[in-house]
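The sequence lines fix the lettering, A, B, ..., with proteins before strands; numbering per chain opens at 1.
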Amino acid sequence: MARYNVKETEARWQARWAEHGCFEVERDPGKPKYYVLEMFPYPSGRIHMGHVRNYTLGDVVARYKKAQGFNVLHPMGWDAFGLPAENAAIERGVHPAKWTHENIAAMRDQLKGMGLSYDWRREIATCDPSYYRHEQKMFLDFLKAGLAYRRESWVNWDPVENTVLANEQVIDGKGWRSGAPVEKRKLDQWFLKITHYAEDLLAALDGLERWPDKVRLMQHNWIGRSEGARVRFKLTGRDDDLEVFTTRHDTLFGASFCAISPNHPLAGELAEKDPALQAFIAECNRMSTSEADIESAEKLGYRIPVDAEHPFRPGSTLPVFVANFVLMEYGTGAIFGCPAHDQRDLDFARKYDLPVVPVVLPPDADPATFAVGSEAYVGPGTIYNSEFLDGRNVDDAKAEAAKRLETSDRGSSTTTWRLRDWGVSRQRYWGCPIPVIHCGTCGVVPVPEDQLPVTLPEDVDFDSPGNPLERHPTWRKTTCPTCGGDAQRETDTFDTFFESSWYFARFADATGSTAFAREAADYWLAVDQYIGGVEHAVLHLLYARFFTRALRDCGYLAIAEPFSGLVTQGMVCHETYRSPEGRWLYPNEVKKQADGQWVTLEGGAPVTLGRVEKMSKSKRNTVDPANIIDAYGADTARLFMLSDSPPERDLEWTESGVDGAWRYVNRVWRAITECPVALPPVGTPKPDALSPQAEQVVRACHKTILAVSDSIERFRFNSAVAQVRELTNLIFALEGTGPGEAWTLRYGFETTVRLLAPMTPHMCEELWQTLGHTAILAEEEWPEADRSLAEDETVTIAVQVNGKLRATVEMAKDSTKDAMIERALEQPNVIKLLDGRDPRKVIAVPNKIVNVVA
RNA sequence: GGCCCCGUGGCGGAACUGGCAGACGCACGCGACUUAAAAUCGCGAGCCUUCGGGCGUGGGGGUUCGAGUCCCCCCGGGGCCACCA
């Protein structure tokens with residue numbers, strides 16, 4: 001018998017799907033839509049196992065929903081701007097555009113080899129001016145709407161690369177590429193006003209019911225709503241006030257100092273005449289913000305010649321410090337310190353010998369003896385030592401303090417957010433140019449819309465560090481759209497998260513001359529099911545939620561939330577191997593001997609087996625999907641990706657697991673192509689008489705259709721695979737000679753093929769033909785289950801005595817409780833255990849269980 | 001340090017709302033086919049057992065007729081955030 005020719009079969013079906021435009025969709029208001037989207041990849045050049053997993057998950061959903069009758073939009077594109085392209089230019093002299101487009105071509109071929117159900121006509125690359133011109137327009141609209149602004153701000157500056165780094169590109173206080181300690185610098189930067197939506201972005205999380213709780217929680221924490229109060233301290237000898245933010249205004253009477261950030265305007269002003277303060281500030285800004293450093297960093301303060309008057313005690317003052325632990329970015333950049341009830345304030349007070357006055361008395365503590373030693377008391381209690389606040393609990397005291405601050409005009413309660421506006425300027429070449437012009441006379445002028453897009457120049461050199469746009473001989477030079485005088489283009493480009501914040505909308509109308517036609521967006525959006533890595537839980541997913549709101553407010557869209565359903569898949573992991581010298585080894589460089597010892601393939605040197613870790617180049621524990629697809633085919637790779645772990649959990653890639661998937665693919669293939677029984681023709685009605693075995697198989701088919709549908713809906717693909725395997729175990733055991741068994745075999749085979757089609761589509765198409773069908777399976781409807789046929793006539797009732805299983809009885813479905821109890825009490829084991837006594841109580845749950853309490 | 005999640009056979013994992021723990025698979029063992037091996041097919045299997053049964057979902061306690069599932073404490077692993085005022 002001919003072996004299953006995987007390569008030939010898969011290529012043939014991929015070509016057929018393309019020929020027939022199976023996955024090309026148009027807006028159809030008469031049909032319910034379903035939009036499935038996987039996070040688009042950065043075109044690094046080759047797909048990796050994480051991609052295979054991500055896109056397989058999405059493809060199962062897309063194919064399943066299509067079979068269910070939905071008009072399914074399932075697109076793919078390229079997140080094509082970014083640093084690696086510039087690195088390639090620097091290291092190898094390839095132009096970023098060439099490098100990127102070659103990578104896209106290679107990866108597109110690889111994805112096509114996986115048999116994914118994309119509408120390739122909608123493919124986009126974000127580095128294409130036909131894409132980024134629209135976001136330049138969006139930016140101008142944001143500018144008009146007050147959602148974008150320019151401000152001087154403190155940024156992470158890499159002194160070697162001469163560029164700003166995003167927070168996530170700073171690792172342990174050092175630039176991720178240069179390794180140089182990152183400095184804080186004050187630069188003019190463009191910002192998007194994400195904080196304008198802070199309240200809504202937080203509140204709307206509750207409505208994202210099909211998002212993982214974990215992601216919602218992460219965004220919740222990231223947005224970081226904090227209820228507190230602003231308090232204005234009068235400064236001695238000055239006209240201005242010092243405003244601080246606190247969440248503990250109940251402890252104001254325990255205040256013993258105020259502290260401001262080294263970047264606070266007051267610090268800057270005083271430093272002008274104080275070289276020592278200048279040096280102190282410079283020192284603070286050199287300090288990295290990495291975990292280890294913060295952990296060990298000493299709390300340092302610099303006493304400035306200013307005192308702050310206590311808002312509730314006129315005439316009483318507090319010393320003011322510039323302190324290295326106060327962040328300009330949070331609150332007001334200034335705090336008051338209450339050492340008794342804040343650990344950090346306590347550390348600072350002990351170091352600078354400041355008073356520690358407890359004002360919150362823990363329950364059951366004695367006010368005469370309670371004292372704070374080296375540990376601040378942060379628990380609940382009764383306020384004391386606090387004049388008019390005495391005797392209140394913490395919450396009441398906060399309310400009263402806020403009221404008093406308001407009446408005396410010294411402050412008010414307020415809400416502060418951890419979320420900060422999104423700085424989008426990057427001093428890089430390979431990004432979307434920010435469409436503004438700097439004019440000596442008119443200032444910052446937006447590029448007029450009819451001059452868009454502002455495209456990147458192609459003749460750039462990467463021979464020296466920094467932004468090639470800045471050095472370009474002519475590109476910068478332009479004329480001011482307002483006054484017509486000489487002016488210069490902005491040389492910063494957008495953060496690449498800008499492109500990914502709206503690409504899902506572009507797919508709705510990927511070739512249109514506007515960003516997207518409103519009717520297309522209204523029909524297709526929101527994305528019904530979005531799938532990607534959890535590493536984007538905050539950044540990309542939060543930016544996209546913000547962007548959608550901003551686009552709505554600028555008239556582009558009707559919706560606020562871009563993704564109504566979200567699944568975050570786990571990582572693909574693999575064992576790690578090390579040579580005797582401690583070098584990492586690739587899986588294909590080692591083998592396991594019969595005695596269980598791992599050795600190198602060449603030379604047979606002993607190999608140490610390491611932990612199972614995320615596939616990464618540095619640990620060399622990667623398996624190239626191309627090799628797997630070449631050896632086993634896409635169906636096997638897909639099946640393994642789905643069958644071993646639920647999507648959100650990490651998946652361990654194992655050779656034996658892939659073999660298992662491969663064996664199953666072949667088993668199904670052989671069972672159907674080599675079936676010795678002559679099957680009745682397609683469409684033969686169910687015979688009246690079925691053997692008991694056949695009856696059971698038919699019932700199992702109906703049950704499995706229900707179970708698999710439910711599993712797919714709930715993203716339990718591993719269970720779905722298990723359920724189909726269970727069914728095939730039954731079907732393949734059917735002899736096919738008894739009454740109605742040949743028909744049942746056909747029915748079983750067809751059910752199997754249709755249920756497996758979203759997971760192993762190529763093989764299923766082939767078998768669908770083998771079974772005599774001519775239509776393309778990808779166009780067929782999902783099988784329907786008859787619920788009445790899916791239910792057994794009898795059920796197995798568990799009989800317990802005192803909660804322990806002692807017998808099982810077969811009974812007609814829906815037997816009465818009395819009948820169940822009667823049967824249960826007849827069981828020999830039950831009689832024996834009752835030993836002549838009457839049961840004290842008997843609980844019966846219909847169709848499930850009887851529990852006899854002896 | 002704060003917040004959150006997860007601990008089930010040798011392994012990956014099933015068990016939706018409390019109701020027969022271990023589906024399905026991997027690895028393993030035995031058998032069939034074969035001169036032999038591979039492939040394939042069939043069977044077995046949580047642990048202990050005096051073969052009656054006993055013990056079992058990280059450990060301890062609780063609620064319940066009944067707990068992998070709910071509550072409290074502890075241990076172990078992981079994630080996110082973090083001088084956040």
May I ask you to check whether [X] and [Y] show a side-chain donor-acceptor distance below 3.5 Å?
X        : Y        : value
A/Gln569 : A/Arg649 : no
A/Tyr302 : A/Asn324 : no
A/Ser643 : A/Tyr664 : no

Considering only atom [atom1], compute the distance from [N] to [M] and round it to an integer number of Å.
N     : M     : atom1 : answer
B/U63 : B/C30 : C1'   : 47 Å
B/C11 : B/C4  : P     : 30 Å
B/G22 : B/G44 : C1'   : 16 Å
B/G58 : B/G77 : P     : 16 Å
B/A23 : B/C47 : P     : 13 Å
B/A27 : B/G13 : C1'   : 14 Å
B/G18 : B/C70 : C1'   : 8 Å
B/G53 : B/G9  : P     : 26 Å

The criterion is side chain to side chain donor-acceptor pair (under 3.5 Å); which residues satisfy it with A/His264, sequence neighbours excluded?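 Per chain and number, A/His264 pairs via side chain to side chain donor-acceptor pair (under 3.5 Å) with no residue.
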Ring centres under 6.0 angstrom apart ([X], [Y]):
X        : Y        : value
A/Phe321 : A/Phe348 : yes
A/Phe336 : A/Phe257 : no
A/Phe640 : A/Trp662 : no

Grab the [atom1]-[atom2] distance between [X] and [N] for me, whole Å please.
X        : N     : atom1 : atom2 : result
A/Glu329 : B/A85 : CD    : P     : 14 Å
A/Arg420 : B/A85 : CZ    : P     : 12 Å
A/His536 : B/C80 : NE2   : C1'   : 15 Å
A/Met820 : B/C65 : CE    : C1'   : 14 Å
A/Leu242 : B/A85 : CG    : P     : 18 Å
A/Asp710 : B/A14 : CG    : C1'   : 14 Å
A/Ile260 : B/C83 : CD1   : P     : 19 Å
A/Phe732 : B/U40 : CZ    : P     : 14 Å

For B/G52, glycosidic torsion class - syn if within 90° of 0, otherwise anti: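 For B/G52, whose glycosidic angle is within 90° of 0, the conformation is syn.
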Could you tell me whether B/G9 is syn or anti, where syn means a glycosidic angle within 90 degrees of zero?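 Classified syn.
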Ion pair A/Arg410/A/Asp241, N-O distance below 4.0 Å: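 So A/Arg410 pairs with A/Asp241 through a salt bridge.
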Check ion pair A/Asp213-A/Arg216 (N to O, under 4.0 angstrom):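 A salt bridge links A/Asp213 with A/Arg216.
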Under a 3.5 Å cutoff on both atom distances, Watson-Crick or G-U, what's the dot-bracket for RNA chain B ([ ] crossing, | other strand)? (((((((..(((......[....))).(((((.......))))).(((....)))..(((((..]....))))))))))))....
[X] side chain near [N] phosphate (N/O to OP1/OP2, under 4.0 Å):
X        : N     : value
A/Ser645 : B/G12 : no
A/Arg670 : B/C41 : yes
A/Arg344 : B/C84 : yes
A/Lys841 : B/C65 : yes

Whether each nucleotide of nucleotides 19-30 of chain B has a protein heavy atom under 4.0 Å at its base (B), only at its sugar-phosphate (S) or at neither (-) is summarised, 5' to 3', as BB--BSSSS---
With heavy atoms under 4.0 Å as the rule, sort [X] into base, sugar-phosphate or nothing.
X        : result
A/Leu217 : sugar-phosphate
A/Val326 : base
A/Arg840 : nothing

Donor-acceptor pairs under 3.5 Å, side chain of residues 706-718 of chain A to any protein atom, not counting sequence neighbours: which ones?
unit_1: A/Ser709; atom_1: OG; unit_2: A/Ile705; atom_2: O; d: 2.6
unit_1: A/Ser709; atom_1: OG; unit_2: A/Trp782; atom_2: NE1; d: 2.9
unit_1: A/Asp710; atom_1: OD2; unit_2: A/Arg714; atom_2: NE; d: 3.2
unit_1: A/Ser711; atom_1: OG; unit_2: A/Ala707; atom_2: O; d: 3.0
unit_1: A/Ser711; atom_1: OG; unit_2: A/Gln723; atom_2: OE1; d: 2.9
unit_1: A/Ser711; atom_1: OG; unit_2: A/Gln723; atom_2: NE2; d: 3.3
unit_1: A/Glu713; atom_1: OE2; unit_2: A/Tyr64; atom_2: OH; d: 2.8

Just jot down the ring-ring contact (aromatic ring centres under 6.0 Å, His included) partners of A/Tyr330, sequence neighbours excluded, or say none.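 So A/Tyr330 forms no ring-ring contact (aromatic ring centres under 6.0 Å, His included) with any residue.
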Polar pairs (N or O, both sides) under 3.5 Å between protein and nucleotides 44-54 of chain B?
unit_1: B/G54; atom_1: OP2; unit_2: A/Arg806; atom_2: NH1; d: 3.3

Any idea which of B/C84, B/G13, B/A15 is nearest the A/Arg716 side chain?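 Of the options given, the side chain of A/Arg716 lies nearest B/A15.
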Non-hydrogen atoms of A/Thr195 and A/Leu419 that approach each other most closely: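 Minimum heavy-atom separation between A/Thr195 and A/Leu419: CG2-O, 3.4 Å.
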Map A/Met218 and A/Ala334 onto RNA chain B by nearest heavy atom, then report which one ends up closer to the 5' terminus.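 This one resolves to A/Met218.
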Does A/Lys299 contact B/C83 through a side-chain donor or acceptor facing the base, at a distance under 3.5 Å?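 When only heavy-atom distances are counted, A/Lys299 does reach the base of B/C83 through a donor-acceptor pair under 3.5 Å.
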Applying side-chain contact (heavy atoms from CB on, under 4.5 Å), run through A/Met641 and A/Leu651 and close with a yes or a no. CA-CA 8 Å; A/Met641 280 293 176; A/Leu651 174 91; 3.5 Å; yes
Hey, are the side chains of A/Met615 and A/Cys573 touching, using non-hydrogen atoms and a 4.5 Å cut-off?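 They are not in side-chain contact.
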